[in-house]
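For reference, the structure discussed in these notes is given below.
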Number of protein chains: 2
Amino acid sequence: MKALADPLRMQIVTLLAAESLCVCHLVEETGAKQTNLSNHLRLLRQAGLVETEPWRFLYYKLRPAALEAVAAHLGGLADTARTTAESARKRPCP
Amino acid sequence: MKALADPLRMQIVTLLAAESLCVCHLVEETGAKQTNLSNHLRLLRQAGLVETEPWRFLYYKLRPAALEAVAAHLGGLADTARTTAESARKRPCP
DNA sequence: GTAACGTATCAGCCCATGGTGACATCAGTC
DNA sequence: GACTGATGTCACCATGGGCTGATACGTTAC
């Protein structure tokens, strides 16, 4: 969750959803500096959301399963909330 | 996204997924102080993730649709990533 | 009416995070 | 070997955000 809290990191994830990209592309697309992107990509990697593809240059690639897991978790909470909202029972206050 | 980045707020959302609760319950469950919870709940309300139910006491309730929207957005990114990963084409570097 | 409770706001402190530039290392080219 | 570019790390600073306690206001109970 924290990994996705930063707007730039969310932008990175969105860009990587479309295609794997190397830092040179990300610099172009986001306008952020290389070192800053390096920091953010490290965090996204540590969070398990992206991985690297060594190529001519180092490409970064989204890990769909990790993102799907976050989505499923939130979706599950939403489903649970829908079910319990129907029961309409409230826990009494002390 | 930012709204869910804080562990306490994520805990609140998880608790509210199970049932709507008033602050007195949240104080008990989380151990956080009333004023702190009030701050966090304000942020969650501003983010559209929870709403209030005036009752004997004020209850807070999760908005499943809002949470579902976040989940769907992330899920969509994951799906896109899966599709593009199969194409295996890489944007060339300059 | 008074006291207690529920709730939100305010102001302040302190730590975490985001961004930056310098620098180091590695790989490729000449 | 010298140079260049790609990549990541380090140290620092500014800002943002989380938490706290005091306070204000409205409601409820006696």
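Numbered from 1 within each chain, the chains take letters A, B, ... in sequence-line order. Note: hydrogens, waters and symmetry copies are ignored here, and every other heavy atom, side chains too, is used.
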Please report the distance, rounded to the nearest Å, between NZ in K2(B) and P in dG16(D). 10 Å

Let me know the distance between CG of L41(B) and P of dC19(D), rounded to the nearest Å. 12 Å

Distance, rounded to the nearest Å, where W55(B) contributes CH2 and dT7(C) contributes P: 14 Å

If you take any heavy atom closer than 4.0 Å to DNA chain D, which residues from residues 9-22 of chain A end up in contact? none

Can you see if the side chain of H40(A) gets near the phosphate of dG19(C) - specifically, an N or O under 4.0 Å from OP1 or OP2? yes

Minimum-distance pair of heavy atoms, taken over all atoms of L16(B) and L62(B): O-CB, 3.9 Å

Tell me every residue that passes side-chain contact (heavy atoms from CB on, under 4.5 Å) with L58(A), counting only those two or more places apart in sequence or in another chain. T52(A), P54(A), Y60(A)

Stretch residues 30-38 of chain B: residues that reach within less than 4.0 Å of DNA chain C through a heavy atom: Q34(B), T35(B), S38(B)

Separation of dA16(C) atom P from D6(A) atom CG, nearest Å, is 18 Å

Can you measure E53(A) atom CD to dT7(D) atom C1' for me and round it to whole angstrom units? 17 Å

What nitrogen or oxygen pairs link the protein and nucleotides 27-29 of chain D at under 3.5 Å?
{"residue": "dA29(D)", "atom": "OP1", "partner": "R56(B)", "partner atom": "NH2", "Å": "3.4"}

On the nucleotide dA8(C), are OP1 or OP2 found under 4.0 Å from the side-chain N or O atoms that Y60(B) carries? yes

All N/O pairs under 3.5 Å across the protein-nucleotides 3-5 of chain D interface:
none

Round to a whole Å and report the spacing from CG of L4(B) to C1' of dG17(D). 16 Å

Applying salt bridge (charged side-chain N to carboxylate O under 4.0 Å, His left out) as the test, list every pair that has at least one member in residues 7-17 of chain B; sequence neighbours left out. none

d(CG, N39(A); P, dA22(C)) in whole Å: 16 Å

Do E19(B) and R91(A) sit within salt-bridge range, that is, some charged N less than 4.0 Å from a carboxylate O? yes

Answer yes or no: is there a donor N or O on one side and an acceptor on the other, between the side chain of R63(B) and the main chain of G48(B), under 3.5 Å? yes

Atom-to-atom span, NE2 of H25(B) to C1' of dG6(C) - whole angstrom: 13 Å

